[in-house]
Amino acid sequence: MARKKHPETIAIRTQAERTKFKEHSVPLYLTSSFVFDNAEIMRAMFSDEVEGNIYTRFSNPNISEFTDKICLLEGAESGVAFASGMAAVFATFAALLKTGDHIICCDSVFGSTHTVLEKQLARWGIGHTYVDIQKTNEWERYFHPNTKMIFVETPSNPALDIIDLVWLGKLSKKHKCILVVDNCFATPILQQPIKYGADLVIHSATKYIDGQGRVLGGVTVGRKDLMVDIKAFLRQTGASLSPFNAWVLSKSMETLTLRMEKHSANALKVAQYLEKHKDVESVKYPFLPSHPKYKVAKKQMKLGGGMVSFIIKGGLKRGKKFLDAVEMASLTANLGDTRTIISHPASTTHAKLTEEQRIASGILPGLIRISAGLEHIEDILEDLDQAFRKSK
Ligand SMILES: *Cc1c(COP(=O)(O)O)cnc(C)c1O
C-alpha cells in the first residue's frame, strides 16, 4: 500500500474529480439537485444500492471534498458537514441520544453547547453532568448506567483547559460510552483525537478551518456505525452545509498547516509577553510550562494553537477598559481569524451562564481571551502594550 501522505499534502491534494474541462482548481457546484441517466439508476440511488449525488441536502461534490479532507486528516472512517459548528454539535447529540440518556461534559465548554445541554436537551429528558477536569480521580463517580456519551473540548473554550486524551479514551471504553471531542481549537493539524480513542470529532469550521472570517460551517467525523445515524439525521432535518461554503472551506484547508504554525508561534510570543507583564495576574496557554497540563499538551498536541487567555489585574472594570483601549485587535465574536481578536467571555459568549457557572468554568470577571492573528508579532505586542498603558 502507498505510504499515507503528509497532512500538508492531503489538505492540498484531496479534490473532487475533474470535469471534462480539466480545471486545475476545483469548480463550485451550485446546484440543488443532480440528474439521473434513467429511472433504474434513480431507483437504485434512492435505495442506497448505488452511491451518488441526488440532492444537495444529502450530498454535493464540494461538500464531499471538504468532508473527505477532514476525515483523512483526523483518521476518521466517515463524516458529514453541517451549516455551522452548532448544527454539528446538536445533530451529534440528537442523532445518538434519546430520552433518559445522560452525558458527561467537561465544565469549560463553548457557551452555545452549554446552552444546548441546559435548555434544549433538558426539554427532551436528556441529562448531563459537568465535571471538573482538574479532578480526574472524581470522574468515575459520575457515570451512571444511562451515561451514553462523554463530550469534551481540549483545549477548551475559553478556559484553555487540557484533558489527557489517552486517559479519557480508556475511561470511555471502560464505561462503553461514545467519546466526542470538539477539536475546534487544535484543528486536525495539531491534534487527532481519534488516535487516542475518540469515537467522534467535531469542528466548528467557522474558526481556524476557514481562518479568514468569511463563512460558517461545521463537521462531525468518526466511527462509521455512528456516522450512519448522524448522516440520516442531517438528511432528514436539513442543517446542510452550502456548497459555496464547502468550496471556501476546502480552499482554506490548503493553507491550514501554514496558518496553524504561524498562529501558534504568534500566540506563544503573546503568552510569554503577558506572563512577564506586571498588570497580568495569570496567563493560560497550552505550551507555556506554567500551564497545569503542560506535559499532557506537549504529548498530544503538535503546537500550542492560536488561543491565549489571561486575567488582567483590576477585574471586570479594567478588563473592559483594556478592550476599549486596544487599537488594532478586533472586538468581535469570532476566533481563529487572520486578524487578532480580543474578547471578554464573561460579558459576551458566556453571559447566559450564571456567575456561579462561569466561575466553575474558569471564566473569571477579568478573563480576557486573545485569538492571535497572523499580523507581524511586533504589531500585535505593541497594540497590547499601549492598551495596558492607556487602560491604567
Ligand atoms: C464557535 C465554536 C462552536 C460553534 O461553532 P459555530 O460555527 O459558531 O456554530 C463550537 N465549539 C467551539 C469550541 C467553538 O469555538
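Note that this is a predicted model, so its numbers are computed, not measured. In each ligand, atom 1 is the first atom listed, and ligand 1 is the first ligand listed.
Between K284 and D161 a salt bridge is recorded (basic side-chain N to carboxylate O distance below 4.0 Å). With respect to the salt-bridge test (charged N to carboxylate O, under 4.0 angstrom), the residues K320 and D324 do not qualify.
Residues meeting the salt bridge (charged side-chain N to carboxylate O under 4.0 Å, His left out) test with K392, sequence neighbours left out: D279. The salt bridge (charged side-chain N to carboxylate O under 4.0 Å, His left out) test applied to E138 returns no partner, not counting sequence neighbours.
Judged as a side-chain hydrogen bond (donor to acceptor under 3.5 Å, both in side chains), the pairs with a partner in residues 182-193 (not counting sequence neighbours) are, in order, E74-N183, N183-Q191, Q192-K195.
Shown are L179, V166, V181; of these, the side chain to side chain contact (heavy atoms under 4.5 Å, CB included) with Y196 is made only by V166.
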Atom pairs, nitrogen or oxygen, ligand 1 to protein, under 3.5 angstrom:
{"unit_1": "ligand 1", "atom_1": "5 (O)", "unit_2": "S204", "atom_2": "OG", "d": "2.9"}
{"unit_1": "ligand 1", "atom_1": "7 (O)", "unit_2": "G85", "atom_2": "N", "d": "2.8"}
{"unit_1": "ligand 1", "atom_1": "7 (O)", "unit_2": "S204", "atom_2": "OG", "d": "2.9"}
{"unit_1": "ligand 1", "atom_1": "7 (O)", "unit_2": "T206", "atom_2": "OG1", "d": "2.6"}
{"unit_1": "ligand 1", "atom_1": "9 (O)", "unit_2": "G85", "atom_2": "N", "d": "3.1"}
{"unit_1": "ligand 1", "atom_1": "9 (O)", "unit_2": "M86", "atom_2": "N", "d": "2.8"}
{"unit_1": "ligand 1", "atom_1": "11 (N)", "unit_2": "D182", "atom_2": "OD2", "d": "2.6"}
{"unit_1": "ligand 1", "atom_1": "15 (O)", "unit_2": "N157", "atom_2": "ND2", "d": "3.1"}
{"unit_1": "ligand 1", "atom_1": "15 (O)", "unit_2": "K207", "atom_2": "NZ", "d": "2.8"}

